[in-house]
Amino acid sequence: MDLKSINWKNLDFGYRKAPFRFHARWKEGQWESGRLVEDDYIRIEESATALHYGQQCFEGMKAQRSSSGKVYLFRPEENGKRMQDSARRLMMPEVPLDLFLKGINEVVRANIEYVPPYGFGASLYLRPMLIGTGHNLGVKPAPEYLFAVFVSPVGPYFKEGFKPIRVKAESYFDRAAPHGIGHVKAGGNYSAGMLPVTKARQEGYAEVVYLDAKEHRYFEELGAANIFFILNDNTFVTPKSDAILPSVTRRSIMEIAEKDFGIKVEERPFGINEISRVKEVGACGTAAVITPIGEMLINDETFRFYDQGKTPGPITEKLYKHLTSLQVGDIEDNHHWLTEVK
Ligand SMILES: *Cc1c(COP(=O)(O)O)cnc(C)c1O
């Protein structure tokens, strides 16, 4: 990829090959120290569990540039810990936090020119992953593993940018079973979501909102983002469920809402029958950042939120501005969430 040919302003959320990636293998109970490699192909056994049984997990993070040209990561240790949670659930060896952070930092440093300049809303997306390798046939944990991190410069996940999207509450398909693997970032959750989201897009929706798999009465989350609601009394509510992926972005905006803005924050089961009390809705995640949801179809009935779904709601916008300014170092990082890559 030629850096000069990149139009930072019109970047989509897609893969663009950067020069370096980080690889560390696990064998016989030991992690190697890991190294940077240039080859964007991975050679693994045809019988690897990652390929047959989905024994793999991943993370998504961003490196962003400040107005003075510094490069910041946002709460990278939280991603490292979550990857350990995913590994334990899928019977893979945990990547030690220091190896995870070393991989992240080395790969960003090696590809530093690919961190987009300040002011375009673009970032360097990081994709850490852990995959089961080594020869194996039966359904059992792999004998070997690979921890890899690659990067790609990206623009916004929703091409519209900070504009309200239309979503559909999914009334048939489920994302995750109540005691399944919805709470970890395992690839299988995302292949299961490709069909429902493709159908929803054909119907003109940007995303689907999954409901709880047991009763289809409570909101859970989107395919790759959590959801939050601002009620008529200004309370911030976000669903509590064991089947949703605990978003670092969500945890951060809950803290911003509560501590920086004095907003009442609730994490509790949130039923579709409460939708009439809602005035703003948003999706949140590393890729989605905060994306306002203007309209939602629930069982054949369309609900529109702030300004008939035409513009982002004021609280959603306030949270978005605060989070995005904080992430690029425009405002004081009083939560101590930024790590500079030097
Ligand atoms: C990655 C992801 C999120 C967002 O998590 P962040 O830590 O904020 O990036 C939310 N939901 C799902 C299903 C995800 O995969």
Side-chain angles (χ1 to χ4, degrees), residues 13 54 56-64 72-87 89-90 100 104 123-130 149 151-152 154 156-158 165 167 169-170 173-178 180-194 196-197 200 206-213 219-229 236 238-257 267 270 281-291 293 316 319-320 322-324 326-327 335 337-339:
F13 192 88
Q56 60 86 257
C57 64
F58 67 98
E59 276 299 322
M61 312 164 65
K62 279 176 176 173
Q64 284 173 280
Y72 289 122
L73 293 165
F74 185 70
R75 310 186 77 177
E77 46 316 307
E78 296 303 318
N79 295 88
K81 285 190 240 162
R82 188 169 65 194
M83 192 172 216
Q84 294 184 331
D85 294 340
S86 299
R89 175 64 182 82
L90 301 164
F100 182 88
I104 298 302
S123 54
L124 187 70
Y125 187 79
L126 280 70
R127 171 51 53 84
M129 58 192 187
L130 175 61
V149 189
V151 300
S152 175
V154 297
Y157 190 69
F158 292 108
I165 57 168
V167 301
E170 181 53 62
F173 293 108
D174 296 316
R175 174 181 173 274
I181 54 171
H183 62 301
V184 300
K185 235 172 157 72
N189 293 328
Y190 306 84
S191 54
M194 288 177 188
V197 81
E207 266 289 345
V208 300
V209 181
Y210 292 102
L211 304 176
D212 73 288
F219 289 106
E220 294 225 310
E221 62 170 324
L222 280 71
N226 282 176
I227 193 166
F228 66 84
F229 302 89
F236 175 110
T238 187
K240 188 176 178 66
S241 155
D242 292 337
I244 68 182
L245 198 276
S247 153
V248 177
T249 312
R250 177 172 84 157
R251 214 176 315 147
S252 307
I253 60 177
M254 285 164 77
E255 229 177 292
I256 290 171
E267 186 181 352
F270 191 71
V281 186
C284 60
T286 298
V289 193
I290 292 177
T291 299
I293 293 174
T316 306
L319 291 170
Y320 173 81
H322 199 88
L323 175 72
T324 51
L326 194 155
Q327 286 177 329
H335 298 273
W337 286 339
L338 300 184
T339 302

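Keep in mind that this is a model prediction, so the values were computed, not measured. Starting from 1, each residue takes its place in the sequence as its number. Both counts, for ligands and for their atoms, begin at 1 and track the order of listing.
- Under a 3.5 Å cut-off, the side chain of Asn226 and the backbone N or O of Ser247 do form a donor-acceptor pair.
- Contact residues for ligand 1 (protein heavy atom closer than 4.0 angstrom to any ligand atom): Arg82, Arg175, Lys185, Tyr190, Glu221, Gly223, Ala224, Ala225, Asn226, Leu245, Ser247, Val248, Thr249, Gly285, Thr286.
- By the 30° and 60° cut-offs, the orientation of the rings of Phe219 relative to Phe270 is parallel.
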If you look only at distance, which donor and acceptor atoms sit under 3.5 Å apart when one is on a side chain in residues 183-191 and the other is two or more places apart or in another chain?
unit_1	atom_1	unit_2	atom_2	d
Asn189	ND2	Ile181	O	2.9
Asn189	ND2	Val184	O	3.0
Ser191	OG	Gly188	O	3.2

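- Under the ring-ring contact (aromatic ring centres under 6.0 Å, His included) criterion, Phe13 pairs with Tyr125, Tyr157, sequence neighbours left out.
- No donor-acceptor pair closer than 3.5 Å links the side chain of Arg82 to the backbone N or O of Glu59.
- By the salt bridge (charged side-chain N to carboxylate O under 4.0 Å, His left out) test, Lys81 is found to be paired with Glu78, residues two or more places apart in sequence or in another chain being considered.
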